[in-house]
Amino acid sequence: FEAYVEKRNIFLDDQDYRVFLHLLKYFLSPDTNLNQHPLTLLTGFNPVRFRPFENLSKEVNLLAYCLMPNHFHLLIKQLSYYGLSIFAKRVFVTYSMYFNRRYKRVGHLFQGVFKAALVKDDSYLLHLSRYIHINPRELTGSDLVTYPYSSYEYYLRNKSALWINPQLVLDYFQPSKLLIPTNINTYKKFVEDYLGNSEQILGSLILEDPAINEDA
């Protein structure tokens with residue numbers, strides 16, 4: 001699954017990015033303290049009638065992500081029938097609560113249609129992973145490693161965490177499962193040496209899904 005929201009800036013500074021990433025960690029880390037509201041540690045927000053959330057690490061696996069100023073991409077493996085919907089609502093509603101409180105605004109933050117691609121083909125899975133990680137090129141040029149708001153460093157083994165699972169994609173780069181040309185034998189080369197038009201292939205996968213929204 002790959003989803004994004006566009007048409008407005010939803011991350012205005014480093015704190016906004018960090019809060020969104022904190023929400024991914026909060027809901028997907030098996031050892032999260034769910035008795036504390038996810039916004040309390042970073043913002044001091046402490047709702048009076050807070051009811052602990054459920055851990056969602058058995059509902060979805062987060063395989064890759066990239067946050068950009070006006071949109072984000074998440075590559076997700078759904079583990080239960082409603083897992084994706086539950087995860088999306090928890091993260092989007094909580095981030096919208098944070099954003100509206102910080103910037104003193106009201107109403108929906110994520111407006112319009114969310115888009116998703118249901119991926120059944122292994123080669124498309126690899127392509128989507130690459131597409132997500134090359135998104136920051138418009139901001140960083142060829143230096144994708146230094147972009148702090150994507151999962152690329154987890155794929156290069158510079159970082160590790162329980163809430164992000166790059167191994168499912170990286171397993172395809174083992175000699176016995178190689179689905180890419182033999183001269184591209186590492187994930188880094190697979191991503192950084194790509195010169196094609198990534199969006200042409202991605203466009204054929206897009207499905208509109210208006211069911212994921214902030215009112216649900």
Check: Leu126 and Val169 side chains under 4.5 Å, non-hydrogen atoms
yes
Mutual orientation of the aromatic rings belonging to Phe20 and Phe72 [parallel < 30°, tilted 30-60°, perpendicular > 60°]:
tilted
Side chains of Tyr98 and Gln15: is there a donor and an acceptor less than 3.5 Å apart?
yes
Decide yes or no on ring-ring contact (aromatic ring centres under 6.0 Å, His included) for Tyr194 and Phe190, but give the supporting numbers first.
CA-CA 6 Å; Tyr194 183 72; Phe190 175 70; 7.7 Å; no
So do Asn135 and His71 actually touch side chain to side chain, heavy atoms under 4.5 Å?
yes
Where the side chain of His22 meets the backbone of Arg18, is there a donor-acceptor pair that is under 3.5 Å apart?
no
Is Arg90 close enough and on-axis enough to Phe27, meaning under 6.0 Å and within 45°, for cation-pi?
no
Hey, could you give me the CZ/CD distance between Phe87 and Glu59, rounded to the nearest 0.5 Å?
11.5 Å
Ignoring hydrogens and geometry beyond distance, is a side-chain donor-acceptor pair present between Tyr187 and Glu192 at under 3.5 Å?
no
Note, Ile134 side chain near Cys66 side chain (heavy atom, < 4.5 Å):
no
Counting N and O atoms only, with roles assigned by atom type, does the side chain of Tyr95 sit under 3.5 Å from a partner on the main chain of Ile10, one being a donor and the other an acceptor?
yes
Under 3.5 Å: donor-acceptor pair, side chain of Ser29, backbone of Lys25:
yes
Side chains of Phe99 and Arg105: closer than 4.5 Å at any heavy-atom pair?
yes
Okay, side chain of Asn55, backbone of Ser57: is any donor-acceptor separation there less than 3.5 Å?
yes
Test: Arg102 and Asp16 ion pair at under 4.0 Å
yes
Exactly one of Tyr154, Tyr152, Tyr147 should register a ring-ring contact (aromatic ring centres under 6.0 Å, His included) with His133. Which one does?
Tyr152
Under 3.5 Å: donor-acceptor pair, side chain of Gln78, backbone of Leu84
yes
With a 4.5 Å limit on heavy-atom distance, are the side chains of Phe11 and Pro69 in contact?
no
Indicate yes or no: at least one non-hydrogen side-chain atom of Asp31 is less than 4.5 angstrom from one of Trp163.
no
Side chain proximity check, Asn61 to Leu168, heavy atoms < 4.5 angstrom
no
Please report the interatomic distance NE2(His37) to CG(Leu42), rounded to the nearest 0.5 Å.
12.0 Å
Tyr65 backbone acceptor or donor facing Ser151 side chain under 3.5 Å
yes
Quick check: do Thr94 and Val19 have side-chain heavy atoms less than 4.5 Å from each other?
no
